[in-house]
Amino acid sequence: MYYPIKIPRWLQSFFPNYIWRGKTEANSKRLYLTFDDGPIPEITPWVLEQLRAYDAKATFFCVGENVQKNQAIYQQIIAEGHQVGNHTFKHLNGWSTTKADYLDNVAACGEQVDSLLFRPPYGRLKWGQAKALRANYKMVLWEILAGDFDASISGEQCWQNVCKNATDGSIVVLHDSQKSWKHLSYVLPKLLEYYHNKGFTFEVISTK
Ligand SMILES: [Zn+2]
């Protein structure tokens, strides 16, 4: 499986309609953690607990059907000051979905997730889908893919993917999913401790 760990700035700049990095200022130290595909009872409350210990805020790109099933956890995410974003109702792959079906699915998620942020599952969208969604959403991609979903790498490699690459302003993708649990449970505590000790804060992606 190939995927780029870090999206280079020059490539980001080719797609200015997407958000790749969070806001920064001179000498700021900020990371923008994002958790995709939840919320689920097995993982998301644990993630919230880890974040709470560092007063860290994050952005959760929620799958609509998970929010429907796990309302209390969704409400907890919001109550604890995190940001949420739309990640479609059924985690659709835009490349294999018609525009009409895709937009319907985003709208169905929108009934569960009240947010102006959207992240396409797998980062995959067709041009027409993207154009239509831009009218209503801020489109959020990422700079760093930890690879927590990748069973072919070790937890340590996953951690190295983050700590060798994430710098001020980086949006980092992690997953509150069963598939990613093995690596997430190793990486998230390390990540929070390491960057906290370096003076970083963890912030939500702004909807403005
Ligand atoms: Zn996803």
Side-chain angles (χ1 to χ4, degrees), residues 1-7 15 18-22 31-48 51 58-70 73-74 77-78 82-97 99 101-126 129-130 133-134 136-153 158 161-162 166 170-185 187-188 191 204-205 207:
M1 173 169 25
Y2 172 76
Y3 50 91
I5 302 300
K6 182 166 192 169
I7 310 289
F15 300 94
Y18 290 96
I19 295 169
W20 303 90
R21 294 172 46 78
L31 280 191
Y32 295 86
L33 302 183
T34 63
F35 296 89
D36 290 7
D37 301 358
I40 59 169
E42 298 84 353
I43 318 280
T44 311
W46 178 85
V47 170
L48 292 171
L51 296 173
T59 303
F60 290 77
F61 286 93
C62 298
V63 170
E65 62 180 351
N66 286 339
V67 174
Q68 198 172 48
K69 282 184 279 195
N70 302 299
I73 304 173
Y74 175 75
I77 292 171
I78 293 168
H82 304 292
Q83 183 62 268
V84 290
N86 185 315
H87 199 48
T88 77
F89 192 79
K90 282 187 172 290
H91 205 261
L92 293 188
N93 180 341
W95 292 356
S96 51
T97 310
K99 179 177 161 184
D101 285 352
Y102 198 87
L103 296 180
D104 280 353
N105 209 263
V106 173
C109 182
E111 290 181 13
Q112 304 294 327
V113 178
D114 184 17
S115 178
L116 294 173
L117 303 180
F118 176 76
R119 172 178 282 167
Y122 317 101
R124 290 178 181 171
L125 273 185
K126 290 190 265 200
Q129 293 163 345
L133 289 169
R134 276 207 305 274
N136 295 317
Y137 290 98
K138 289 186 76 167
M139 310 288 277
V140 183
L141 290 176
W142 56 80
E143 183 165 72
I144 310 289
L145 208 51
D148 54 349
F149 50 82
D150 185 353
S152 75
I153 64 171
C158 183
N161 288 344
V162 177
S170 289
I171 294 176
V172 180
V173 183
L174 295 159
H175 295 81
D176 46 339
S177 70
Q178 299 270 18
K179 188 180 168 192
S180 295
W181 169 245
K182 189 162 170 252
H183 292 346
L184 179 73
S185 59
V187 168
L188 183 58
L191 192 169
V204 302
I205 296 168
T207 56

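The structure displayed is predicted, hence computed values, not measured ones. Every number for a ligand or one of its atoms is a count from 1 in the order of the listing.
- Within 6.0 Å of CZ on F15 lie no more than 12 heavy atoms contributed by other residues, nucleotides or ligands.
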Cut-off 3.5 Å, no hydrogens considered: what does the side-chain donor-acceptor table look like for residues 137-147, sequence neighbours left out?
residue : atom : partner : partner atom : Å
Y137    : OH   : N86     : ND2          : 3.4
K138    : NZ   : K208    : O            : 2.4
E143    : OE1  : R21     : NH1          : 2.9
E143    : OE1  : S170    : OG           : 2.6
E143    : OE2  : Q12     : NE2          : 2.8
E143    : OE2  : R21     : NH1          : 3.3

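- Listed by chain and number, the residues in a side chain to side chain donor-acceptor pair (under 3.5 Å) with E65 are K90 (sequence neighbours excluded).
- For the Zn ion (ligand 1), the nearby protein N/O/S atoms, meaning those under 2.8 Å, are D37 OD1, H87 NE2, H91 NE2.
- When the side chain to side chain donor-acceptor pair (under 3.5 Å) test is applied to D101, the partners found at least two apart in sequence or on another chain are T98.
- A distance of 12.0 Å separates CZ of F60 from CG of D37, quoted to the nearest 0.5 Å.
- Within the 6.0 Å centre-distance limit, the rings of Y3 and F149 are counted as a close aromatic pair.
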